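Down below is the structure, laid out as structure tokens.
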Amino acid sequence: MPVHMIAKFTELTTRQVRESLVVLIQQNLAVYAETQEKTRIMTYYEVNRVEILHRAMIPKVLFSSQEWFEREGAVVAQSILTHGKLTITDCIEDILKSTGTAAGRSATQRTMAIKKVFTKMVKEKCLIAVRPADSLTAADRDMVEEKRETDKLAMPPTAAQKAEIRRTIESKRAGLEGGNQIMGLKRTLDTVDDDDWEMDKRRKLTTSDVQIVDEVEEDVYFKINFERYTIRWRNAKIAEMFESRLNLTAKKIVETILKLAEDRMINCKEEHSSAVNVMMLFNRLPSDVNMVGTLEDARDSPVNSEAGECLDKYMDLLEEDRLEIVRKFQGRSGQYTVLLQKAAKVMRKKLIQDVVTSRFGLPYVRIMNMLLEKGKLEEKMISKFSMMPVKDVREKLTTLCTFGVLNLQEVPKTQERAPSRTFYLWEVVEDRAAMTIVDRLYQTMANLRQRRFVERSKRAVLLAKTERTDVKENAALLNDAETRELDTLNAVLEKLEIQELRVAEMVLVLRDF
Amino acid sequence: MSRGGRGGGRGGGRGGAPGIPMFGPDAIQATFTNPGETYPDIIVPTAEKLTTEEKRMHLAMLDLKNTLYSSAYYWTEPRKPSAIVRYTDRYHQDYAATRAKLDTIKANKAFFPEELHSILDPKAVKKRKVFKRTVDLDKINDNEDDEEVEIDPETGLPVKKSGDGEEAMEDEEMEDEDDDDDNDYGDDHFDNGEGDDDDGDDDGNGDYN
């Protein structure tokens, strides 16, 4: 929609609309397309839905940045989330301006520390480079690329050539995303911190005095790569699943496998991880992992083997697990892979069962599990297998169908499709059930957000008072009742926001994993 | 798409084999013979207690929100003076007045379309591209397909070469005075001469052919 249409619908002035669009594009929430219409260039704007939906997970992004990259990582993430996209130089400048330097640390030391963390985040793909072309709509970008390729041809392209061009563009994009070369990172030579060389600078530099280091390009803008965070959260959840099924050591082993394979992961929808060698896994296990003495044989006596043998036994246990998520890679011994989509399916199924249990109770989940296991069943068969009367079963089936978890399939016996001569088969379609629950979860999030606004509006006068400059300087100007009310409000808002985050995590499991 | 729970659409499947109607109002009566109380007691589920990690996430989010609210990205209406002057008005700050402006943000113009550049850099001289149509009668029968049109990869628009073509683009450099004002008079009323192309054709008597 162009600016004047947006102004018409929103009843804002065109200047306000333009300023808002600048903010949205800077925060990667809107894209635009320019077209020439007669004698003018018209600009149309569109919202970037995926980025907007990712913003619900920002609290977890900030927390995870601190967990993985320590304090400086959290500060870098906060700076980039504030400004949408930043270069490394602007990010360092913003951080020094807002947080200053710690006692006993110079600005140069702080700058080097932030630069190091920023480079690490780019190398691990938690920050991703943004090009000006990313501000265009996806369709426009594809059209421009297609036009460039078709212009190289002498004749107008045939349908087959167009399909080939589209495949080339797609593979180029996949290569950019999944390749080893990270956009925005360049390799430079740097001298090794070697005292001998420092002391005697007259001698010539040799190859042992220099090393290749990765450096972030100073004029490239970076933004938070929510996809990478989602991949890491999914991997953590898969490892947690094995902790509940086996033990902590199994969790650590699966965690290490996924960490080794993570570098080659592009998005969350991949079928399986890349292969991990058992020797590499053994060398990269954390030092605090204790394998010896954590296994028991069939006679329940502890197995005292070497660590290497224990690891082999653990890998056998993981492979024999009923979930069948950890498998040998293409049947080769010594190499293992994790079936990511299968693990995601297990997590989705568990979440759907938990939602139905908490909402309706165990009998409903029993019917759902039966249908998941057996496929399509008639009412009579469900009643027989679940050992419940037909009336109860019918009520439960109708309730689950209204909720959106079950589907009904009609199979007519005759061409007339008379109800008396039709089979009615009930089934659970997992993907559809997941999407229905996602819709309900978004409604829940909207309710939570609305409740937050209502709680704030109920205490609007008190909040206006706390915004006063004299009250900000001297909190004693608020009496006891007002202070208690403010504490209650803060506690309520904290609960509501964390509930929103929990619901957003559930949406992540059902939709993005 | 087949779905269950239809109300009355099929006449309730009367005379169905099991003798119990599957759909329709009869089915509801047959199923829910005992509706129960009007307002039954509901056990309201309570949420799990907040963990330490969640509290830290909340604090981190609060910190980010406070940073955003005081940044140039958060737009608020300027505080309008009320009809009644109160003693406490001196303590109410006008955030819109103290907040930084959008032209101070660290942004690269390459990410934005041209019509938004004036917001990022109000002092920049704005080039207004005016497309004038000039028809060259000598070349009117030439094959138009012979001309190659280059496409700018960033914007996707054709890059016109200047020459004796059907259309020539002239850049007029003029001071951009409109954006210095806060009103939108220029956008609403001024068309910059784009509607003047029909001047030559405009006939007071009209064309009644």
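Labels below follow one simple rule: chain letters A, B, ... track the order of the sequence lines, proteins then strands, and each chain is numbered from 1. These numbers come from a predicted model, not from an experiment.
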Part of B:Leu62 within contact of chain A (heavy atom distance under 4.5 Å):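 Neither part.
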
Toward chain A, the part of B:Leu102 with a non-hydrogen atom under 4.5 Å: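 Just the side chain, heavy atoms under 4.5 Å.
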
If you take all heavy atoms of [X] and [Y], which pair is closest and at what distance?
X	Y	answer
A:Tyr45	B:Glu115	OH-OE2, 2.6 Å
B:Ile119	A:Arg15	CD1-NH1, 4.1 Å
B:Pro113	A:Ile25	CD-CD1, 4.0 Å
B:Ala110	A:Pro132	O-CB, 3.5 Å
A:Gln78	B:Thr67	NE2-OG1, 3.2 Å
B:Phe111	A:Tyr221	CE1-CD1, 3.6 Å

Give, as side chain, backbone, both or neither, the part of [X] having an atom under 4.5 angstrom from any heavy atom of chain B.
X	answer
A:Val130	both
A:Leu24	neither
A:Lys465	neither

Looking at side-chain heavy atoms only, is the closest gap between [X] and [Y] below 4.5 Å?
X	Y	answer
A:Arg502	B:Leu50	yes
B:Glu54	A:Phe63	no
B:Tyr73	A:His83	yes
A:Arg468	B:Thr88	yes
B:Trp75	A:Val23	no

Selection from A:Thr43, A:Val22, A:Val3, A:Asp94 maximising heavy-atom pairs under 4.5 Å formed with chain B: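 Counting heavy-atom pairs under 4.5 Å, the top option is A:Val22.
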
When A:Ala74, A:Ser135, A:Ser64 are compared by non-hydrogen pairs under 4.5 Å with chain B, the top option: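 Heavy-atom pair counts peak at A:Ser135.
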
How many angstroms lie between [atom1] in [X] and [atom2] in [Y], if you round to the nearest 0.5 Å?
X	Y	atom1	atom2	result
A:Leu81	B:Leu68	CG	CG	8.5 Å
A:Leu62	B:Leu59	CG	CG	11.5 Å
A:Glu494	B:Met57	CD	CE	12.0 Å
A:Glu473	B:Tyr91	CD	OH	9.0 Å
B:Lys49	A:Lys495	NZ	NZ	9.5 Å

Largest heavy-atom contact set with chain A, pairs under 4.5 Å, which of B:His58, B:Lys55, B:Glu53: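 Result: the option with the highest number of such pairs is B:His58.
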
Max heavy-atom pair count under 4.5 Å with chain A, selected residue of B:His92, B:Arg56, B:Arg90: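 Of the options given, most contacts go to B:Arg56.
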
A:Lys472 atom NZ, neighbour heavy-atom count above 12 within 6.0 Å: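 Enclosed: over 12 neighbouring heavy atoms sit under 6.0 Å from NZ of A:Lys472.
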
Neighbour count above 12 (heavy atom, 6.0 Å) for B:Lys106 NZ: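 Enclosed.
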
Salt bridge (charged side-chain N to carboxylate O under 4.0 Å, His left out) against A:Glu497, all qualifying residues, sequence neighbours excluded: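 With sequence neighbours excluded, A:Glu497 shows a salt bridge (charged side-chain N to carboxylate O under 4.0 Å, His left out) to A:Arg452, B:Lys65, given in chain and number order.
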
